[in-house]
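In this text, all values refer to a predicted model and were calculated from it rather than measured experimentally. The first residue of the sequence shown is numbered 1, and numbering continues consecutively from there.
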Amino acid sequence: MDIYNKKKTFIGKAAPLGYVAGLGRGASGFTTRSDIGPARDSSDAPDEAQIQQQMQQALKRKKDEDNEDLNESNYDEFAGYGGSLFSSGPYEKDDEEADKVYDEIDKRMDDKRKEHREKKFKETVEKYRAERPKIQQQFSDLKRKLSDVSANEWATLPEVGDSRNKKMRNPRTERFTPVPDSVIKSALLAGQTSTSVNPMEQFGGLNTPYPGMATPSTTDLDLNKIGEARKSLVGVKLDQASDSVSGQTVVDPKGYLTDLQSLTPSSSGDIGDIKKARLLLKSVITTNQKHAPGWIAAARLEEVTGHIQKARNFIMKGTEACPKNEDVWLEAVRLQPKELSKGVVAQAIKQLSQSVRLWIKAADLEDERAAQKRVFRKALENIPNSVRLWKAAVELEDPEDARILLTRAVECCPQSVELWLALAHLETYENGRRVLNKARENIPTDRQIWITAAKLEEANGNTPLVDKIIERGVTSLSSNGVEINRELWIVDAEEADKAGATYTAQAIIRTVIGIGVEDEDRKHTWIEDAESCAVHSAYECARAIYAYALKTFPNKKSIWLRASYFEKNHGTRESLETLLQSAVKHCPKAEVLWLMGAKSKWMAGDISAARNILSLAFQANPNSEEIWLAAVKLESENNEDERARQLLTKARMSAPTARVFMKSVRLEWVLGNLRQAKEMLKEALRKYDSFPKLWMMKGQLHEEEKDLYEATQAYRNGTKKCPTSIHLWILLAKLEEKQGNLTKARSVMEQARHRNPQTDELWLHSIRIEVRAKQLEFAKSLLAKAMQVCPSSGILWAESIFMVSRPQRKTKSVDALKKCEHDPNVLLAVSKLFWSERKVTKAREWFQRTVKIDPDFGDAWAYFYKFELQHGTEANQKSVLEKCTKSEPHHGAEWQVISKSTKNWRLKTKDILHQVARSLKSIENV
């Protein structure tokens, strides 16, 4: 026979256990992570998990060895039994304590050796790994190089083939012949088990019911369910037998009740669970008939399963077994029908006449108010010191009867603050004072009594006594060992403020605001307290805190400013002006305080008073640029152009600054004196050539005169002098684009980005140039680069939302909100997105959120107003207009196009809003 043609006996058979192909030639077998985890050498050191597993197996073997047989065959005359003779004896408390002591000693000794053992194991593993690293570590450098493999290279990798020949690939042992369907079907039928019985078949297979029987239902009996229920019952009986020692059960009632909670059936069909639960509860009740939770649980189980009468019987037996348990009686009252529940609660009260809950339940069962009063009065005869019963009884009475009841209540419950305060509230002024005095004598440690006394005096016009009462209260409480918690007192002050007791609230603030605050932390702490009170709408408390802080720090400009802004937002014009008058006396060098006072007078229409304030501000700050410009603005806004010109002339002489020259040029420009404006601008650029707004004005002046060459030269010179001015570069690029020089415009923006890297406004303008040139693909590529340079730019994310197709905008807006959650540009873009999708309610919510985050963002107000013009009511439109006028926005690309125009220099905020809203494109076309 040819030995080469002889069939190999091992082909097609499983490899022996532990076999590694090529092991004799030096190969080492390993498995990949896709199989069982990281690669491992066959002779590699075991991991910690394997060591722990081996230790557990060793302990298990030792335990098996300890559990030796103690019969006579295991007895040795000299060594005795193999195990402990008394291991099966009773385990007493002394044994338990001894075992605990030994366990603690073993644990402590093990902890001492643990650090040394772990350190030694770690050193051994590190030494072994240094000599023989894992295959996973050997291939780590190659795995890192896989990150450089491109997608095309991955795709061109050949598939793994089978190098075996045809005979080796298809041995005879792997051949099989498909089994016919008929064989499979017959096998299924032969092994099928019937799980239901038709009631008709119980009577000889007749289709007609047995005489005298009703026509059975079509529902078959489920034999599987019956078998499972029987199996559960047998298991419960076996458990009971195993838990029995000398005829006495060792059932834990609490454990049974815990099991019951998990066994409460979800439907009436869980037969096995219901029966098991009943057996468990029966065992609980039989073991300890005085165990009230067992009776309650048994009754509720029957209630859940629909056997309400059985539940009532169970709970009534429970009341007989536990007549002094309140919960059992309450459950019995609940389960009984209404006509019988009164009798049950009467029996309960006979057994437990001191139970407050039973008396309240008895009162709840009464339908008439008079009957409820009788029940409560009977209850108070038995339990006169129950505050809960007194309160419930008082709530049913008229004011006069309630006052009489409360008089008796405070005698029976002298430690109840609520009853004393309720009585004081119902009494007259004089009697109320007496009641509160008695309350202070009985309860000297409660602050609410003192605060109520202060409110009583304030309500009767005795405001001078309020401060004294609060001060005495704090002193008295401190002397009685009560800690004065200023946070709790401030909360009480806020509640008093909201209740209308403003003087009491302020008195509390003045008394406790300085308690427990370090001297160096007073300013910041008080400002935080004031802001917190303002957030909680306790404005009088905040006003009192600011007043106290200003009294302590009269020369702190920051506190005066915060107090002024508070009065501006939450006070009246008179209160603001009064505060500002005091502010400028203490801080005469604070220009902003002078300007706020002048603006308040100006907004009220009192121009002469505003001029007087500014003249006083000039005296305190003779060369202040802000005050000069404020005076100029006041005159120009009131059409006093000549007076404004004279003021600017004086300002250029006494306080010459770049802004003063800029305002001078602008005034002449808007008045139409272009030649004089140019001369003044030329003089200004000689002195302040690094002020970018002057170069902008020069270029815009030439643009207005259609002299585009001079305008271009002005912008170019400006970018050379002020290379960091973003708006100068943008104006130059816009002018080149306007002249049709698109390539030059791109070049300008590229230079600007080179000079000012990571400036999102320059990237945005470059993108919009390409959009206007219909180069959408190039614009998208520019946007992608811009997002890499400025990943958290709100204006770029807002632009990206509307540069993608409509189905992708929602996803893009979600990404934008994750990156720039509080950016007004992103919020405005999301609002416009909802608007374009006709989601009016959501769009309005997002518009409101946008203008709340940045009230100075004029574009948001304009879009919001245009939205309300299309989809809102007249009230909504009026509300947006009023809020915008109050906010006085100044920024926004669309807003500044209208507001900065020389034609609109006299327009008010509401007029600008109308024009910007009209100039906006329809949102449906976005």
Side-chain angles (χ1 to χ4, degrees), residues 557 560-652 654-655 657 659-660 662-664 666-668 670-671 855-856 858 861 881-891 895-896 898-902 904-914:
K557 173 185 170 183
W560 284 109
L561 276 175
R562 289 180 180 272
S564 301
Y565 288 132
F566 171 78
E567 291 296 341
K568 181 181 178 182
N569 295 326
H570 304 291
T572 61
R573 184 176 63 84
E574 290 78 11
S575 64
L576 173 62
E577 291 175 358
T578 303
L579 181 68
L580 289 172
Q581 288 175 5
S582 302
V584 295
K585 289 179 182 178
H586 291 90
C587 303
K589 297 297 181 182
E591 300 170 358
V592 64
L593 296 174
W594 289 104
L595 297 177
M596 287 180 70
K599 186 176 181 180
S600 178
K601 292 290 186 183
W602 171 37
M603 297 299 291
D606 194 350
I607 307 301
S608 59
R611 287 174 182 153
N612 291 334
I613 291 175
L614 289 175
S615 64
L616 294 173
F618 276 124
Q619 296 175 11
N621 305 273
N623 295 321
S624 172
E625 176 191 272
E626 293 291 339
I627 296 176
W628 277 109
L629 295 180
V632 171
K633 185 177 181 180
L634 176 65
E635 301 299 343
S636 61
E637 291 285 345
N638 290 280
N639 301 327
E640 296 288 346
D641 300 329
E642 192 59 36
R643 296 186 66 164
R645 186 181 284 118
Q646 292 175 4
L647 284 172
L648 285 170
T649 303
K650 291 180 182 179
R652 289 197 302 273
S654 60
T657 62
R659 287 189 65 202
V660 169
M662 183 191 70
K663 294 293 184 182
S664 301
R666 177 156 180 87
L667 180 63
E668 298 300 335
V670 297
L671 292 176
D856 194 48
W861 286 109
L881 187 61
E882 290 176 354
K883 290 179 181 178
C884 179
T885 305
K886 186 177 180 181
S887 300
E888 295 183 0
H890 295 92
H891 296 91
W895 184 272
Q896 289 181 335
I898 304 299
S899 63
K900 296 286 185 180
S901 176
T902 54
N904 305 323
W905 72 290
R906 290 193 187 277
L907 291 182
K908 304 294 184 183
T909 302
K910 61 179 182 179
D911 302 321
I912 298 173
L913 180 64
H914 285 293

Practice prompt. Could you tell me the separation between the CZ atom of F566 and the CG atom of L579, rounded to the nearest 0.5 Å?
Written response: 10.5 Å

Practice prompt. Scan for salt bridge (charged side-chain N to carboxylate O under 4.0 Å, His left out) pairs involving residues 608-617, sequence neighbours excluded, and state none if there are none.
Written response: R611-E635

Worksheet item: With no hydrogens and no angle check, is any side-chain donor or acceptor of D911 less than 3.5 Å from a backbone partner on L907?
Response: no

Fill in: Results of salt bridge (Lys or Arg N to Asp or Glu O under 4.0 Å) for K568 - residues two or more places apart only
none

Worksheet item: Taking atom CD1 of I613 and atom CD1 of I627, what is their separation to the nearest 0.5 Å?
Response: 11.5 Å

Worksheet item: By salt bridge (Lys or Arg N to Asp or Glu O under 4.0 Å), which residues pair with E640, not counting sequence neighbours?
Response: none

Discussion item. Within this structure, what is the CG-NZ distance for the pair L593 and K585, rounded to the nearest 0.5 Å?
Written reply: 13.5 Å

Practice prompt. Can you sort out the partners of E637 under salt bridge (Lys or Arg N to Asp or Glu O under 4.0 Å), two or more places apart, ordered by chain and number?
Written response: K908

Worksheet entry | Atom of C884, atom of T909 and distance for their closest heavy-atom approach | O-CG2, 3.7 Å

Worksheet entry | Distance, nearest 0.5 Å, that separates CG of D641 from CD of E668 | 9.5 Å

Item to complete: Please name the pair of heavy atoms, one in A610 and one in A598, separated by the smallest distance, quoted to 0.1 Å.
Response: CB-O, 3.4 Å

Worksheet item: Quick one: does W905's side chain get under 4.5 Å of R666's, heavy atoms only?
Response: yes

Worksheet entry | Contacts of E642 that satisfy side chain to side chain contact (heavy atoms under 4.5 Å, CB included) - sequence neighbours left out | R645, Q646

Worksheet item: K557 versus V592: any side-chain heavy-atom pair under 4.5 Å?
Response: yes

Worksheet, complete the sentence: Output for pair (L634 CG, L629 CG), nearest 0.5 Å, gives 12.5 Å

Worksheet, complete the sentence: For H586 and S582 the tightest heavy-atom approach is ND1-O, 2.9 Å

Worksheet entry | ring pair (Phe, Tyr, Trp, His ring centres under 6.0 Å) against H891, all qualifying residues, sequence neighbours excluded | none

Worksheet entry | Step-by-step side chain to side chain contact (heavy atoms under 4.5 Å, CB included) determination, L667 to L671 | CA-CA 6 Å; L667 180 63; L671 292 176; 4.0 Å; yes

Practice prompt. Grab the two heavy atoms, one from L580 and one from S564, that are nearest each other, plus how far apart they are.
Written response: CD2-OG, 3.4 Å

Worksheet item: Can you name the closest pair of heavy atoms from I898 and N904 and give their distance?
Response: O-ND2, 3.0 Å

Worksheet item: For the residue pair L595 and A630, what are the closest heavy atoms and their distance?
Response: CD2-CB, 3.2 Å

Item to complete: Not counting sequence neighbours, which residues clear side chain to side chain contact (heavy atoms under 4.5 Å, CB included) with D606? List them please.
Response: K601, S608, A609

Worksheet item: What distance do L913 atom CG and K883 atom NZ have between them, rounded to the nearest 0.5 Å?
Response: 13.5 Å

Fill in: Residues that E626 engages under salt bridge (Lys or Arg N to Asp or Glu O under 4.0 Å), provided they are two or more places apart
R659

Worksheet item: What do the steps show when you test W895 against K900 for side chain to side chain contact (heavy atoms under 4.5 Å, CB included), and what is the final call?
Response: CA-CA 8 Å; W895 184 272; K900 296 286 185 180; over 6 Å; no

Worksheet item: With a 3.5 Å cut-off and no angle check, do the side chains of S664 and R652 form a donor-acceptor pair?
Response: yes

Worksheet entry | Donor-acceptor under 3.5 Å (S636 side chain, V632 main chain) | yes

Worksheet item: Should R573 and E577 be marked as a salt bridge (charged side-chain N to carboxylate O under 4.0 Å, His left out) after you check the CA-CA gap, both sets of side-chain angles, and the distance that decides it?
Response: CA-CA 6 Å; R573 184 176 63 84; E577 291 175 358; 2.8 Å; yes

Item to complete: Not counting sequence neighbours, list each pair that qualifies as a ring pair (Phe, Tyr, Trp, His ring centres under 6.0 Å) and has a residue in residues 589-636.
Response: F618-W628

Item to complete: Using distance alone, with no hydrogens and no angle criterion, decide if R906 and N639 have a side-chain donor and acceptor under 3.5 Å apart.
Response: yes

Item to complete: Applying side chain to side chain contact (heavy atoms under 4.5 Å, CB included), name anything that partners K589, two or more places apart in sequence or on another chain.
Response: N621

Item to complete: For T572, check side chain to side chain contact (heavy atoms under 4.5 Å, CB included) against everything at least two apart and list the hits.
Response: E574, S575

Response to the item:
side chain to side chain donor-acceptor pair (under 3.5 Å) filter on E888, not counting sequence neighbours, yields K599

Discussion item. Could you check whether any side-chain N or O of E625 sits under 3.5 Å from a backbone N or O of V660, counting only pairs where one atom can act as donor and the other as acceptor?
Written reply: no

Practice prompt. Please confirm whether the backbone N or O of P889 pairs with a side-chain atom of W861, one donor and one acceptor, at under 3.5 Å?
Written response: no

